[in-house]
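One-based numbering, in listed order, for ligands and for the atoms of each. Computed from a predicted structure; not experimentally measured.
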Amino acid sequence: MHSKSIAELGAAMRAGEFTSVELTRHFIDRIDRLNGELNALITATPEQALAEAEAADRAIQSGKAGPLTGIPLVQKDIFCTRGVKTSCGSRMLDNFVSPYDATVVERLKQAGAVSLGKANMDEFAMGSSNETSYYGPVRNPWDRGRVPGGSSGGSAAAVAARLAAAATGTDTGGSIRQPAALCGITGLKPTYGRVSRYGMIAFASSLDQAGPMTRSAEDAALMLQAMAGFDPKDSTCADQAVPDYSAMLNDSLQGLKIGLPREYFYEGLDSDVTASIEEAIDLYKQLGAEVVEISLPNSGLAVPTYYVVAPAECSSNLSRFDGVRFGYRCDDPKDLEDLYKRTRGEGFGAEVKRRILIGTYALSAGYYDAYYLKAQKTRHLISDDFKHAFETVDVIMGPTAPTPAFALGEKVDDPVTMYLNDIYTIATNLAGLPGISIPVRAVDGLPVGLQIIGNYFNEGKLLNAAHRYQSETDWHRQIPEGFA
Ligand code: GLN
């Protein structure tokens, strides 16, 4: 059952081959047996899942089922879930039970999906390896000595190891696409504003965006359909109609113009990664696409710009964790200052503290112009690069990450090397553009991700290009050893 796609599972349940309760039990059993090896879930909610599955079975029986009815998935632990612990991977929220559902959670529930639990993640979504989580690192199902990527590493590992049919993720600088690449799954970061951020714990509000993490583009289309759309509770959510994504999947790629940025294929790029990407691009040519070289001249500014903007916004967003309102509180505070200091000192991990310090520094009166204002200007230049590129091409392609999955512990003590892992994903967040990562030819048994970047609100085109590739290849169907 667990090797089937969302569409196949839905069809099988509607045909009466098995019920959602049976399917949900099957995944609960897999989580019980296999999560210990991977640490992909922080919280499992089997009772709630079975109750939701029973309701889904009633909907299926009465002919009211939609494509997600009865489909078991996991939610990244950054999404508020009513009555269920919502930790954001942090000691700060280890005792936090949300009183309400995030819009994404509510919409997936309305669509009939079943929630198996909450996925592990880097603390407050800060990281590229899932090693900053208070709950310990997640292991990559393809090689348990390697990282799954981050920050949505638990979601990616859960989908790759078939502990759930799909998962939600969030992407501030690459956190859906990079773990999708390292775990061999499909991950879509939508256009900023496509999906509501209400109830999604904020890291960097001008960059954060939720999206689906699935086995295939076909599944991602079904998930995005349920997640996307205007929400009056999020003032940055776009009031734009949501197209029928599944209907666009099979559009012809004849004449599709693909731009390959010169800057993404620099000399130092891992040669196996380059070969895998080139092979994928050749397939696109066979499918009728036209490939042109383009330039995104300010690509080199993306990482430094991000590491001013994101910490600046996080230093402001995370000021709400003060030990007074909710979450962790230190023992026996002497006075208010002691309460703030010790709560934050004990509740946050090292990476979160580093970001708060950088952000506070960048925003301080004497340095604001030199860092924050400058970063806003370079952010603009990066967006303009894409604007120019999309005047001549339909999509941009390149690697999602510079290497396949790296070893646990390999980069954790060197933040700058770790930050460079997001060199290909960060610019799209700064520009607010959508991007998808799909698995292409593996290197020594480790998946490699192809990233496809599109123009604003062009998720349909990305899903179409991804689906056509997946119709011709089976990299997305591979299951890591021990999880088949
Ligand atoms: N890895 C990047 C960071 O550490 C991006 C994280 C994300 O997208 N949430 O900030």
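Annotation: ligand 1 has protein neighbours Ala125, Met126, Gly127, Ser128, Ser151, Asp171, Thr172, Gly173, Gly174, Ser175, Phe203, Tyr306, Tyr307, Arg355, Asp422, each with a heavy atom less than 4.0 angstrom from the ligand.
Checked by atom type, the side-chain pair Ser196/Asp231 shows a donor-acceptor distance below 3.5 Å.
Under a 4.0 Å N-O distance rule, the pair Glu346/Arg91 does not qualify as a salt bridge.
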Would you mind writing out the side-chain donor-acceptor pairs for residues 395-403 within the sub-3.5 Å range, not counting sequence neighbours?
residue : atom : partner : partner atom : Å
Thr400  : OG1  : Ser437  : OG           : 2.9
Thr400  : OG1  : Gly449  : O            : 3.4
Thr400  : OG1  : Gln451  : N            : 3.3

Enumerate, atom names and distances included, each donor-acceptor pair closer than 3.5 Å involving a side-chain atom of residues 301-313, sequence neighbours excluded.
residue : atom : partner : partner atom : Å
Thr305  : OG1  : Leu301  : O            : 2.6
Thr305  : OG1  : Thr378  : OG1          : 2.8
Glu313  : OE1  : Ser205  : N            : 2.8
Glu313  : OE1  : Ser206  : N            : 2.8
Glu313  : OE1  : Ser206  : OG           : 3.3
Glu313  : OE2  : Ser206  : OG           : 2.6

Go through the steps for Glu410 and Ser129 under the test side-chain contact (heavy atoms from CB on, under 4.5 Å), then give the verdict.
-> CA-CA 10 Å; Glu410 188 181 322; Ser129 66; over 6 Å; no

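Here Glu459 pairs with Thr191 under the side-chain hydrogen bond (donor to acceptor under 3.5 Å, both in side chains) rule; sequence neighbours left out.
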